[in-house]
Protein chains: 2
Amino acid sequence: MPIELKPLQALTLLKIVALAEVRDEMPDLTWRQMAILLTIYLEPPPHTVRGLAAKLDVTKPVITRALDTMGAMELVSRHRDEKDRRNVLIKRTVNGALYVERLGDLVIAKSRELPI
Amino acid sequence: MPIELKPLQALTLLKIVALAEVRDEMPDLTWRQMAILLTIYLEPPPHTVRGLAAKLDVTKPVITRALDTMGAMELVSRHRDEKDRRNVLIKRTVNGALYVERLGDLVIAKSRELPI
DNA sequence: CTTGAATGATACGGAACCGAAACGATATGG
DNA sequence: CCATATCGTTTCGGTTCCGTATCATTCAAG
């Protein structure tokens, strides 16, 4: 079931999210944090620092720092992999799931108000 | 013609854009810069610093600085309003239009590759 | 004119982020 | 064991962004 979507509609949806971000209708996340969050919540686990760094094509410290910030927000959590204690497994949290859910709902709700 | 879109699909589109941003497939813009850019290119002119600040609910220096950055990228341009020389009118540029167009096309192209 | 209001730009100190390099902890292979 | 490799973290210096306050310019009203 592919989406029937035109460029202008895609841009309008993006503008909705950008305005929500800027207006503090959502907790502020950088693009990198957003990419990490959505990867964790939309793709199947397990997720590791190294795996995320490869997928996003950024260095590992970028992932570590983003996880620090989002961990403090309780949007994600970290756990040592007991099978290989060098790895850190990044897991979803209740707050994170709630945040992502609200983000999706926000786009839908706002887009309904528009002559899109 | 409202879009038929579900939250998961909206999140997937957002993830596409976030990944493109992070991977340097697009020139890096902050959320604020993105909100300003899309407002300028999706809403009818005229656009002023004060008007954008009110619409985004941010202070004027935020707009001025974002325009500095995006002006250097040639994504927008500034012109004194000759009718009222206190105002600055923000206008679209060729590069900016191209950027926005590519952004929309990128989302469409990537979303077609996905089992969305 | 002169005064006051409005607009956009600037100055300043502080916070967040970045890339590169170096670091401990853990696992692997001889 | 021991040497090497891997993984995530930390450190470092530098850049960018932020919020507040202040500024110069321009307009409008008396």
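The chains referred to below are lettered A, B, ... by the order of the sequence lines, with proteins before strands, and numbering in each begins at 1. Below, each value reflects all heavy atoms present in this structure, side chains not excepted, and no hydrogens, waters or symmetry copies.
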Between the CG atom in B:Leu67 and the CD atom in B:Gln33, the distance rounded to the nearest 0.5 Å is 9.5 Å
Could you check A:Asp105, A:Leu98, A:Leu106 and say which one makes a side-chain contact (heavy atoms from CB on, under 4.5 Å) with A:Arg102?
A:Leu98
Taking the side chain as everything from C-beta on, heavy atoms only, tell me whether A:Leu103 gets closer than 4.5 Å to B:Leu14.
yes
So where does chain B start and stop touching DNA chain D, 5' to 3', when the test is distance under 4.0 Å to a non-hydrogen atom?
D:dC17 to D:dC27
So A:Met26 and A:Met34, do their side chains get closer than 4.5 Å, heavy atoms only?
no
Just verifying a value: how many Å separate A:Leu56 CG and A:Trp31 CH2, rounded to the nearest 0.5 Å?
12.5 Å
Please report the shortest heavy-atom distance between A:Ser77 and A:Thr93, naming the atom on each side.
N-CG2, 3.7 Å
Which heavy atom of A:Asn95 sits nearest a heavy atom of A:Leu75, and at what distance?
O-CD2, 4.0 Å
For DNA chain C, which nucleotides open and close the run of contacts to chain B, 5' to 3', at under 4.0 angstrom from a non-hydrogen atom?
C:dA6 to C:dA11
A:Ile36 and its side-chain contact (heavy atoms from CB on, under 4.5 Å) partner, picked from A:Leu52, A:Val76, A:Leu29
A:Leu52
For A:Arg80 and for A:Thr69, locate the closest nucleotide of DNA chain C by heavy-atom distance; then report the residue assigned to the nucleotide nearer the 5' terminus.
A:Thr69
Between B:Pro45 and B:Arg92, what is the shortest heavy-atom contact and its length?
CD-NH2, 4.0 Å
How long is the gap from OG1 on B:Thr30 to CD on B:Glu21, to the nearest 0.5 Å?
9.0 Å
Side chains of B:Lys6 and A:Ile108, heavy atoms from C-beta outward: is any pair under 4.5 Å?
no
Salt bridge B:Asp81-B:Lys83, side-chain N to carboxylate O under 4.0 Å:
no
Taking DNA chain D as the partner, which of residues 81-90 of chain B come within under 4.0 angstrom of it by heavy atom?
B:Asp84, B:Arg85, B:Arg86
Can you hop from A:Leu89 to A:Ile63 via hydrophobic side chains spaced under 4.5 Å?
no
Answer whether the closest heavy-atom distance between the side chains of B:Ile16 and B:Glu25 falls below 4.5 Å.
no
Hey, can you pull the residues of residues 29-37 of chain A with a non-hydrogen atom under 4.0 angstrom from DNA chain D?
none
Kindly state each residue pair satisfying side-chain hydrogen bond (donor to acceptor under 3.5 Å, both in side chains) with at least one member in residues 44-63 of chain B, sequence neighbours excluded.
B:Glu43-B:Lys55
At a heavy-atom distance below 4.0 Å, what parts of residues 43-58 of chain B sit against DNA chain D?
none
